[in-house]
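Heads up, the thing below is written out as structure tokens.
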Amino acid sequence: FILGSYTKKAKLERHASGRFSIVLSEWRNRQIRRMVEKVWGIVKKLKRIRIENILLWNMKEWEYKALTKKEKDELFKKLDIK
């Protein structure tokens, strides 16, 4: 329950003490921070590693990348854009 309504279920995977990954099926403002703070407390570090099918794992905050044809096609298909 976040910002007055229920959210879709998220997938949570624990990697180590205090380290885990969360996969959201929908996004709300500060959703991960709000979820974690309700259960465990303060979020010290948060890093987005993927948006849809586009991996961001090795990118710096200020970097950008040109999408491959495959990335564009998959993203446009999910967004129903031709």
Side-chain angles (χ1 to χ4, degrees):
F1 194 77
I2 294 180
L3 299 174
S5 63
Y6 289 97
T7 63
K8 293 182 181 178
K9 291 185 178 183
K11 294 179 186 177
L12 179 89
E13 183 178 330
R14 187 176 181 156
H15 298 286
S17 179
R19 292 193 61 197
F20 50 92
S21 62
I22 299 175
V23 177
L24 302 176
S25 53
E26 73 173 309
W27 175 84
R28 301 251 179 114
N29 185 31
R30 300 177 56 84
Q31 181 175 353
I32 291 177
R33 289 187 189 281
R34 292 173 199 268
M35 289 167 43
V36 171
E37 287 170 358
K38 277 191 172 189
V39 179
W40 292 292
I42 297 170
V43 175
K44 293 180 182 178
K45 185 177 179 183
L46 185 61
K47 182 171 181 169
R48 178 174 291 176
I49 60 170
R50 185 181 68 160
I51 299 173
E52 289 290 343
N53 60 308
I54 302 163
L55 294 175
L56 309 171
W57 186 252
N58 293 321
M59 294 177 67
K60 306 281 188 247
E61 287 182 34
W62 48 268
E63 284 184 310
Y64 66 93
K65 71 176 208 169
L67 299 180
T68 65
K69 181 175 178 358
K70 182 179 177 182
E71 288 173 328
K72 284 191 259 184
D73 290 346
E74 289 177 15
L75 182 60
F76 291 164
K77 184 177 179 181
K78 288 182 182 196
L79 297 174
D80 199 26
I81 298 173
K82 296 180 183 193

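Distance alone, capped at 3.5 Å, places no donor-acceptor pair between the Arg48 side chain and the Arg50 backbone. Judged purely by atom type and a 3.5 angstrom limit, Ser21 has no side-chain atom pairing as donor or acceptor with the backbone of His15.
Separation of atoms NZ (Lys44) and CZ (Arg19) is listed at 13.0 Å; rounding is to 0.5 Å. With rounding to the nearest 0.5 Å, the separation of NZ in Lys69 from CD in Glu74 is 11.0 Å. Between the CD1 atom of Ile51 and the CG atom of Leu75 there is a distance of 9.5 Å, given to the nearest 0.5 Å.
Residues Leu55 and Glu71 are not in side-chain contact: their nearest non-hydrogen atoms beyond the backbone lie 4.5 Å or more apart.
A 6.0 Å sphere centred on CZ of Arg33 holds more than 12 heavy atoms belonging to other residues, nucleotides or ligands. Within a 6.0 Å sphere centred on CG of Leu46, heavy atoms belonging to other residues, nucleotides or ligands number more than 12. The 12-atom threshold is not exceeded at NZ of Lys9, counting heavy atoms of other residues, nucleotides or ligands nearer than 6.0 Å.
Of all the heavy atoms in Phe20 and Arg14, the pair that sits closest is CB-CA, 3.7 Å. When all heavy atoms of Glu63 and Asn58 are compared, the pair lying nearest together is OE1-O, 3.9 Å. Contact detail for Trp57 and Lys47: the closest heavy-atom pair is O-NZ, 3.2 Å. Residue Ile54 comes nearest to Lys65 through the heavy atom pair CG2-CE, 3.9 Å, listed as atom of the first residue, atom of the second, then distance. Considering all non-hydrogen atoms of both residues, Asn53 and Lys70 come closest at ND2-O, 4.3 Å.
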Pair Met35-Leu24, side chain to side chain contact (heavy atoms under 4.5 Å, CB included): steps then yes or no: CA-CA 11 Å; Met35 289 167 43; Leu24 302 176; 4.2 Å; yes
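Clustering ILVMFWY residues whenever any of their side-chain heavy atoms sit less than 4.5 angstrom apart, transitively, puts Val36 in a cluster other than the one holding Val23. Residues Leu12 and Ile42 fall into different hydrophobic clusters, defined by Ile, Leu, Val, Met, Phe, Trp and Tyr side chains chained together at heavy-atom separations under 4.5 Å.
Salt-bridge annotation for Glu26 and Arg28: present, with a side-chain N of the basic residue lying under 4.0 Å from a carboxylate O of the acidic one.
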